[in-house]
Amino acid sequence: MSPPVAPPGWSRWLVPPAALSVHLSIGQAYAWSVFKPPLESALDLSGTQSALPFQLGIVMLGLSAAFGGTLVERRGPRWAMTVALICFSSGFLISALGAATEQYWLIVFGYGFVGGIGLGIGYISPVSTLIKWFPDRPGMATGIAIMGFGGGALIASPWSAQMLDSFGSDNVGIALAFLVHGLTYAVFMLLGVMLVRVPRPASPVSASGGSGSPGSSDVPAALTGPQVSARSAVRTPQFWLLWLVLTLNVTAGIGILEKAAPMITDFFADTSAPVSATAAAGFVALLSAANMAGRIGWSSTSDLIGRKNIYRVYLGAGALMYALIRLFGDSSKPLFVVCALVILSFYGGGFATIPAYLKDLFGTYQVGAIHGRLLTAWSTAGVLGPLIVNWVADRQEEAGRHGPSLYGLSLIIMIGLLVVGFVANELVRPVHPRHHLPGTGTPKEAADDRREQRESA
């Protein structure tokens with residue numbers, strides 16, 4: 001299945017909504033913490049066990065993006081969005097069966113494995129298409145679409161909480177909530193499948209849109225600047241430095257995100273104003289809003305100040321926010337909430353900026369496939385972040401501790417990871433010309449390549 005080519009005069013601004021319909025749906029993953037307490041109660045699970053579907057989903061996201069990235073480039077975004085729709089919705093339906101029959105392994109398999117494949121293919125499906133439509137503003141373009149993944153929980157968190165209130169928080173109520181999710185998201189994602197278009201074989205255009213007229217379906221034809229294939233990219237130190245940067249930035253953010261609802265409850269459980277379950281769900285929604293705003297806000301800022309500079313902000317200021325939570329978080333709800341919101345804005349911004357960072361270093365030739373391979377960092381972080389926070393909390397609870405002390409060590413670990421990521425970002429340099437495709441790079445490098453090809457012929 002290949003997407004229809006955009007007709008003359010078709011507006012490139014219709015591509016972001018198509019991407020958003022998919023990303024807003026699969027972004028439900030960030031609202032998983034709303035299901036954790038009901039699942040733990042209904043199926044007698046520990047915090048570590050209830051995190052497993054989410055962790056496996058993120059692992060499969062990275063793996064399916066890595067192995068499917070080249071296929072997505074070849075088959076096009078419509079094929080990818082269709083696969084994402086089928087897998088993501090089926091994952092919920094399988095999970096509904098698992099909850100109804102109290103077979104937790106079916107929830108892990110459905111939501112984590114099958115749904116995780118939908119997460120990965122759906123996540124990368126619009127990236128290279130958007131960059132080709134918006135070569136003048138890659139950070140903004142990918143930020144708009146990937147913003148949807150961060151904003152998905154803004155819708156899903158209160159929606160899921162309301163369904164659990166209506167259906168009940170026992171296994172039958174959870175099953176009905178999963179069923180409604182699966183069917184609703186299938187319809188919503190179908191809109192993106194029907195709307196998406198790829199640009200026509202292009203002619204030179206203006207930065208505003210195409211052929212001098214904003215909104216045209218034309219995009220720049222030539223691959224300008226250095227171009228690196230996906231196979232060559234993974235052999236460069238730049239790729240692995242960015243892999244490390246993304247891993248550590250995501251680990252630091254995802255640990256809070258996956259356990260957001262129980263964490264804020266524990267931090268203020270012994271105060272005069274404890275946090276209710278409804279307020280905790282509202283906190284998850286706020287984090288989702290910060291995640292979403294960071295994706296468009298910080299990624300657009302990166303078009304102005306550069307990718308390396310914006311990652312300095314994500315990693316350096318992020319470590320400071322964690323330090324403030326560690327030292328003063330339990331004494332002030334506003335401070336705790338504000339620091340968490342900033343951390344999640346950096347977390348979202350890091351995801352939205354990374355495709356543009358890859359485009360700057362490796363060009364647009366196979367940026368979707370390169371991005372897919374880099375998302376194995378997300379798989380790693382999807383295990384590390386929740387594992388660190390949940391494992392430490394479980395051990396502290398076994399030792400008889402409670403409240404903020406459940407998370408003290410986890411916060412210190414996160415600060416250390418962000419510092420390491422900051423150093424890795426400082427080491428990123430332009431890709432060596434030997435990795436460039438022949439005929440690309442600077443004008444001099446391209447001319448040298450052509451001369452070498454003539455001489456060898």
Colleague: What I'd like to find out is whether the side chain of F362 reaches to under 4.5 Å of the side chain of P226, using heavy atoms alone.
Modeller: no
Colleague: Taking atom types as modelled and ignoring hydrogens, do the side chains of S229 and Q366 form a donor-acceptor contact shorter than 3.5 angstrom?
Modeller: no
Colleague: For F113 and W105, run ring-ring contact (aromatic ring centres under 6.0 Å, His included): C-alpha distance rounded to whole Å, both residues' side-chain angles, the deciding distance at 0.1 Å, then the answer.
Modeller: CA-CA 11 Å; F113 185 81; W105 70 271; over 10 Å; no
Colleague: If only atom types and distance count, is the side chain of S299 paired as donor or acceptor with the main-chain N or O of T353 below 3.5 Å?
Modeller: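 Side chain of S299 to backbone of T353: no pair is present.
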Colleague: Closest approach of I415 and A319, non-hydrogen atoms and distance?
Modeller: CG1-O, 3.8 Å
Colleague: Could you please spell out the steps behind the side-chain contact (heavy atoms from CB on, under 4.5 Å) verdict for N249 and L418?
Modeller: CA-CA 6 Å; N249 190 54; L418 288 171; 4.0 Å; yes
Colleague: Give a yes-or-no answer on whether the side chains of S50 and K36 include a donor-acceptor pair shorter than 3.5 Å.
Modeller: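 There is such a pair between these side chains.
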Colleague: Answer yes or no: is there a side-chain heavy-atom contact under 4.5 Å between S21 and L195?
Modeller: no
Colleague: Would you call D136 and R12 a salt bridge, using N to O less than 4.0 angstrom?
Modeller: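 So D136 pairs with R12 through a salt bridge.
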Colleague: Is any side-chain heavy atom of W10 closer than 4.5 Å to one of P199?
Modeller: no
Colleague: Find the distance between CZ (F268) and OG (S331) and round it off to the nearest 0.5 Å.
Modeller: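 Reported to 0.5 Å precision, the distance equals 7.5 Å.
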Colleague: Verify whether the ring centers belonging to F35 and W159 lie closer than 6.0 Å.
Modeller: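 Not close enough - the centres of the two rings lie 6.0 Å or further apart.
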Colleague: Taking Y311 for the side chain and G350 for the main chain, is one N or O donor matched with an acceptor at less than 3.5 Å?
Modeller: yes
Colleague: About how many Å separate CD1 of I86 and CE of M81, when rounded to the nearest 0.5 Å?
Modeller: 14.0 Å
Colleague: Is the F267 ring parallel, tilted or perpendicular to the F336 ring (thresholds 30°, 60°)?
Modeller: tilted
Colleague: Looking only at atom types and distance, does a side-chain atom of D303 sit under 3.5 Å from a main-chain N or O of M140, one as donor and one as acceptor?
Modeller: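 Yes, D303 side chain to M140 backbone: donor-acceptor pair under 3.5 Å.
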Colleague: Is atom CZ of R395 surrounded by more than 12 heavy atoms (other residues, nucleotides or ligands) closer than 6.0 Å?
Modeller: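 Enclosed.
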Colleague: What verdict does the salt bridge (charged side-chain N to carboxylate O under 4.0 Å, His left out) test give for R312 and E426, after you've listed the backbone C-alpha separation in whole Å, the side-chain angles of each residue and the deciding distance to 0.1 Å?
Modeller: CA-CA 8 Å; R312 286 168 174 153; E426 293 301 305; 2.6 Å; yes
Colleague: Distance-only, no hydrogens or angles: does the S90 side chain make a donor-acceptor pair with backbone N or O of C87 under 3.5 Å?
Modeller: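 No; judged by distance alone, with no hydrogens or angles, the pair does not exist.
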Colleague: May I ask you to decide if L61's main-chain N or O and S64's side chain share a donor-acceptor pair within less than 3.5 Å?
Modeller: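 Checked: pair present.
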Colleague: If you compare all heavy atoms of V245 against all heavy atoms of G421, which two are closest, and at what distance to 0.1 Å?
Modeller: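 Residues V245 and G421, closest heavy atoms: CG2-O, 3.6 Å.
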Colleague: Apply side-chain contact (heavy atoms from CB on, under 4.5 Å) to T376 and T247, showing your working.
Modeller: CA-CA 8 Å; T376 53; T247 298; over 6 Å; no
Colleague: Take R78 and S125 through the side chain to side chain donor-acceptor pair (under 3.5 Å) test and state the conclusion after the steps.
Modeller: CA-CA 8 Å; R78 173 165 288 184; S125 61; over 6 Å; no
Colleague: What's the shortest heavy-atom distance between G253 and L344, and which atoms?
Modeller: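 It is O-CD2, 4.2 Å.
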Colleague: I need the minimum non-hydrogen distance between L130 and A19, along with the two atoms involved.
Modeller: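 Taking every non-hydrogen atom into account, CD1-CB, 4.2 Å.
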Colleague: State whether the side chain of S300 and the backbone N or O of G297 hold a donor-acceptor pair below 3.5 Å, judged by distance alone.
Modeller: no
Colleague: Would you tell me whether T236 and H432 have side-chain atoms, one donor and one acceptor, within less than 3.5 Å of each other?
Modeller: no
Colleague: Aromatic contact between Y347 and Y314, with the criterion being ring centroids under 6.0 Å apart: yes or no?
Modeller: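 Not close enough - the centres of the two rings lie 6.0 Å or further apart.
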Colleague: List the steps, then state whether side-chain contact (heavy atoms from CB on, under 4.5 Å) holds for F239 with R373.
Modeller: CA-CA 9 Å; F239 177 89; R373 285 161 171 77; 3.9 Å; yes
Colleague: Rounded to the nearest 0.5 Å, how far does CD1 of I388 lie from CG of L417?
Modeller: 5.5 Å
Colleague: Describe, in one word, how the ring planes of Y185 and F88 are oriented to each other, choosing from parallel (under 30°), tilted (30 to 60°) and perpendicular (over 60°).
Modeller: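 If you compare the ring of Y185 with that of F88, the planes turn out tilted.
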Colleague: Tell me, do N425 and L315 make a side-chain contact under 4.5 Å, heavy atoms counted?
Modeller: yes
Colleague: If the plane angle is over 60° it's perpendicular, under 30° parallel, otherwise tilted; pick one for F149 and Y123.
Modeller: perpendicular
Colleague: Between W243 and W378 (judged by ring centroids, cut-off 6.0 Å), do the two rings come close enough to count as a pair?
Modeller: no
Colleague: Quick one: does S95's side chain have a donor or acceptor within less than 3.5 Å of a partner on G91's backbone?
Modeller: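 It does hold such a pair.
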Colleague: Any non-hydrogen side-chain atom of V337 less than 4.5 Å from a side-chain atom of I264?
Modeller: yes
Colleague: Can any side-chain N or O of Q238 pair as donor or acceptor with the backbone N or O of L361 at less than 3.5 Å?
Modeller: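 Checking the backbone N and O of L361 against the side chain of Q238, no donor-acceptor pair under 3.5 Å is found.
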Colleague: Which distance, rounded to the nearest 0.5 Å, do you find between the CG of L191 and the CG of L24?
Modeller: 11.0 Å
Colleague: Enter the distance from L286:CG to L341:CG here, rounded to the nearest 0.5 Å.
Modeller: 6.0 Å
Colleague: Considering only heavy atoms from C-beta outward, does the side chain of I26 approach that of M189 to under 4.5 Å?
Modeller: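 Sidechains of M189 and I26: in contact.
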Colleague: With a 4.5 Å heavy-atom cut-off, do P126 and V22 have their side chains touching?
Modeller: no
Colleague: Would you please indicate if the ring centroids of W298 and F351 are separated by under 6.0 Å?
Modeller: no
Colleague: So, for S157 and V34, which heavy atoms are closest and what is the spacing to 0.1 Å?
Modeller: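 Closest approach of S157 to V34, heavy atoms only: OG-CG2, 3.4 Å.
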Colleague: Applying the side chain to side chain contact (heavy atoms under 4.5 Å, CB included) criterion to V383, which one of V59, T251, L56 satisfies it?
Modeller: V59
Colleague: Would R197 and L14 count as a side-chain contact (heavy atoms from CB on, under 4.5 Å) if you check the C-alpha gap in whole Å, the side-chain angles of each, and the deciding distance to 0.1 Å?
Modeller: CA-CA 8 Å; R197 300 287 189 277; L14 293 173; over 6 Å; no
Colleague: Determine whether a donor-acceptor pair (N or O, by modelled atom type, separation under 3.5 Å) exists between the side chain of N291 and the backbone of L287.
Modeller: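 Here the side-chain-to-backbone pair does not exist.
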Colleague: If you round to the nearest 0.5 Å, how far is CG of L358 from CG of L242?
Modeller: 6.0 Å
Colleague: Mind running side chain to side chain donor-acceptor pair (under 3.5 Å) on Y111 and Q28 for me, showing each step along the way?
Modeller: CA-CA 11 Å; Y111 189 93; Q28 183 280 334; 2.8 Å; yes
Colleague: Using modelled atom types only, decide if a donor and an acceptor are shared between the side chain of K308 and the backbone of V428 within a distance under 3.5 Å.
Modeller: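 Yes; at least one donor-acceptor contact below 3.5 Å.
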Colleague: Given side chains that start at C-beta, do those of M263 and V389 come closer than 4.5 Å, heavy atoms only?
Modeller: yes
Colleague: Looking only at side chains, do R295 and T142 share a donor and an acceptor under 3.5 Å apart?
Modeller: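 Not at all, the side chains of R295 and T142 share no donor-acceptor pair under 3.5 Å.
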Colleague: Tell me the closest heavy-atom pair linking V367 and P355, and the distance in Å.
Modeller: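 Distance-wise, the nearest heavy atoms are CG2-O, 3.9 Å.
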